[in-house]
Asker: 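Let me give you the structure first, and then I'll get to my questions.
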Amino acid sequence: MQRLALRWRRAGVRVGLVPTMGYLHAGHLRLVRRARRSVGAAGRVVVSIYVNPTQFGPTEDFSRYPRDLARDARLCRLEGVDVIFAPDDRQMYPRGDGQGFSTFVVEQDLARAMEGKSRPTHFRGVTTVVAKLFNIVQPDVAVFGAKDWQQATIVQRMARELNFPLKIIVAPTLREPDGLAMSSRNKYLTGDLRRQALVLWLSIQEVRGELRRSRKPVLAARLKERLKRMIEREPAARLDYVEFFEPSTLAPVKQVRQGTHMALAVFIGPTRLIDNAAL
Ligand code: AMP
């Protein structure tokens with residue numbers, strides 16, 4: 001992949017990268033389209049498909065994360081993707097599991113809150129694998145989804161601070177018709193869990209409604225209490241966190257107003273789902 005990328009670079013071909021963990025859905029494909037729009041018909045779009053072990057905690061779903069490379073390849077072909085880069089664990093890490101690998105990229109500020117608090121080694125795995133992908137694929141642009149807002153913000157910070165010569169594009173979250181954010185993990189939502197999962201989107205709508213009604217800033221602490229009660233009325237739902245913050249710095253706010261960003265993580269049964277939106 002890197003040899004090919006260097007050849008493209010020498011020939012002046014523009015390259016767009018869409019990093020994914022596979023089991024592609026329409027949200028991923030929208031990022032592919034965004035990458036194509038950015039590099040043009042003469043450019044190359046690379047989709048990386050890699051379930052990165054170093055970003056999963058020991059009790060998380062690494063081994064059962066859904067995988068279907070044949071299906072992903074079909075979807076990429078239909079979308080006009082030029083190259084799928086799907087390395088195996090031994091190509092990315094000497095022993096395959098991240099053990100015996102000693103160079104990590106760590107963002108130490110934005111990565112502390114929210115997802116970083118609940119999943120302490122998660123972002124270290126993300127920034128490390130994304131830095132590796134940037135070095136391997138040498139893209140001019142890389143496209144990330146707003147669905148993982150904190151991740152996109154951290155990757156932007158990393159690229160700026162480590163001088164990666166590329167542009168990061170953040171594309172909007174694609175949702176199911178009822179509002180549930182598309183995610184490979186939605187596959188876990190069998191039976192009534194799929195209905196209960198809508199509580200993430202309903203929480204966002206609840207806060208938007210409250211801001212509209214009150215027409216002035218609302219205390220974050222009050223909203224958090226209310227949302228916890230609302231979410232945990234669903235029998236299988238347990239709130240992990242809900243946070244209100246400035247969208248670009250992720251700095252938490254006490255007063256929630258229009259333009260404040262909201263993010264939450266909720267367990268629906270064993271499945272942990274996240275969502276976020278501008279209010
Ligand atoms: P994943 O395969 O879940 O690691 O996601 C790969 C990329 O797709 C990340 O940049 C995600 O933010 C993005 N993504 C995932 N779901 C969505 C969605 N529903 N809408 C837009 N982008 C998404």
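In what follows, residues are counted from 1 in the order of the sequence shown. For ligands, and for the atoms within them, numbers begin at 1 and follow the listed sequence.
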Asker: Write out the residue and atom name of the closest protein heavy atom to atom 20 (N) of ligand 1, then the distance separating them to 0.1 Å.
Answerer: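 It is Leu174 N, 2.8 Å.
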
Asker: State if Arg30 counts as touching ligand 1 under the rule of any non-hydrogen atom under 4.0 Å.
Answerer: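 False for this residue.
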
Asker: Between Leu174 and Arg30, which heavy-atom pair has the shortest distance, and what is it?
Answerer: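 Result for this residue pair: CD1-NH2, 3.1 Å.
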
Asker: Counting only nitrogen or oxygen atoms and a 3.5 angstrom limit, does Ala171 reach ligand 1?
Answerer: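 Such a contact does not occur with ligand 1.
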
Asker: What protein heavy atom lies closest to atom 21 (C) of ligand 1? Include the residue and the distance to one decimal.
Answerer: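 Result for atom 21 (C) of ligand 1: Pro172 O, 3.4 Å.
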
Asker: Just distances here: any N/O of His28 and N/O of ligand 1 closer than 3.5 Å?
Answerer: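 The answer is yes, given that His28 and ligand 1 share an N or O pair closer than 3.5 Å.
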
Asker: Return the residue, atom name and 0.1 Å-rounded distance of the protein heavy atom closest to atom 13 (C) of ligand 1.
Answerer: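 The answer is Leu31 CD1, 3.6 Å.
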
Asker: Please write down residue, atom name and distance for the protein heavy atom closest to atom 23 (C) of ligand 1.
Answerer: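 Its nearest protein heavy-atom neighbour is Lys147 CB, 3.9 Å.
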
Asker: Taking the non-hydrogen atoms of Ala26, is any one of them nearer than 4.0 angstrom to ligand 1?
Answerer: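 The answer is no: ligand 1 sits nowhere under 4.0 Å from a heavy atom of Ala26.
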
Asker: Return yes when Arg175 approaches ligand 1 closer than 4.0 angstrom through a heavy atom, no otherwise.
Answerer: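 False for this residue.
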
Asker: Indicate whether the side chain of Tyr93 and that of Gln99 have a donor and an acceptor atom separated by less than 3.5 Å.
Answerer: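 Side-chain D/A pair, Tyr93 to Gln99: absent.
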
Asker: So is Met182 polar-close to ligand 1, meaning N/O to N/O under 3.5 Å?
Answerer: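 Yes: some nitrogen or oxygen of Met182 is under 3.5 Å from one in ligand 1.
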
Asker: Among protein heavy atoms, which lies nearest atom 4 (O) of ligand 1, and at what distance?
Answerer: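 Going by distance alone, atom 4 (O) of ligand 1 is nearest to Met21 CG, 3.5 Å.
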
Asker: What pair of heavy atoms forms the shortest contact from Ala5 to Gln138, and how long is it?
Answerer: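 Residues Ala5 and Gln138, closest heavy atoms: CB-CG, 4.0 Å.
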
Asker: Looking only at protein heavy atoms, which one is nearest to atom 6 (C) of ligand 1, and what is the separation?
Answerer: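 The closest heavy atom on the protein side is Pro19 O, 3.3 Å.
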
Asker: Which atom pair, heavy atoms only, marks the closest approach of Gly43 to Arg36?
Answerer: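 Looks like O-NH1, 3.1 Å.
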
Asker: Please find the pair of heavy atoms, one from Leu239 and one from Val242, that lie closest to each other, and give the distance.
Answerer: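 In this case the closest contact between Leu239 and Val242 is CD2-CG1, 3.9 Å.
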
Asker: Decide whether an N or O pair under 3.5 Å exists between Gly145 and ligand 1.
Answerer: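 Right, the criterion is met.
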
Asker: Over 60° means perpendicular and under 30° means parallel, so tell me whether Trp149 and His261 are parallel, tilted or perpendicular.
Answerer: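 Parallel.
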
Asker: Identify the protein heavy atom lying closest to atom 11 (C) of ligand 1, giving its residue, its atom name and the separation to 0.1 Å.
Answerer: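 Minimum-distance protein heavy atom for atom 11 (C) of ligand 1 reads Asp148 OD2, 3.1 Å.
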
Asker: Indicate yes or no: does Asp97 engage Arg95 in a salt bridge with an N to O separation below 4.0 Å.
Answerer: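 Between Arg95 and Asp97 there is a salt bridge, with a charged N closer than 4.0 Å to a carboxylate O.
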
Asker: With a sphere of 6.0 Å drawn around CZ of Arg3, does it hold more than 12 non-hydrogen atoms of other residues, nucleotides or ligands?
Answerer: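 Counting other residues, nucleotides and ligands, CZ of Arg3 stays at 12 neighbours or fewer.
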
Asker: Does Arg71 make a cation-pi contact with Tyr23, if we ask for NZ or CZ under 6.0 Å from the ring centre and within 45° of the axis?
Answerer: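 Yes - Arg71 lies over the ring of Tyr23, closer than 6.0 Å to its centre and within 45° of its axis.
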
Asker: Tell me the contacting part of Val18 for ligand 1: side chain, backbone, both, or neither, using a 4.0 Å heavy-atom threshold, strictly below.
Answerer: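 For Val18, no heavy atom sits under 4.0 Å from ligand 1.
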
Asker: Indicate yes or no for a side-chain donor-acceptor contact from Thr127 to the backbone of Val105 under 3.5 Å, with no hydrogens or angles considered.
Answerer: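 Looks like yes, one N/O pair under 3.5 Å.
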
Asker: Check ligand 1 against Phe144 and write out every atom of the ligand that is under 4.0 Å from a heavy-atom position of the residue.
Answerer: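 Listed by number with element: 10 (O).
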
Asker: Taking a cutoff of less than 4.0 Å between a non-hydrogen atom of the residue and any ligand atom, is Ala146 in contact with ligand 1?
Answerer: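 It does not; every heavy atom stays at 4.0 Å or beyond.
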
Asker: I'd like to know if Arg67 pairs up with Asp72 as an ion pair, taking the criterion as any Lys NZ or Arg NE/NH1/NH2 lying under 4.0 Å from an Asp or Glu carboxylate oxygen.
Answerer: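 The answer is no: the pair does not qualify as a salt bridge.
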
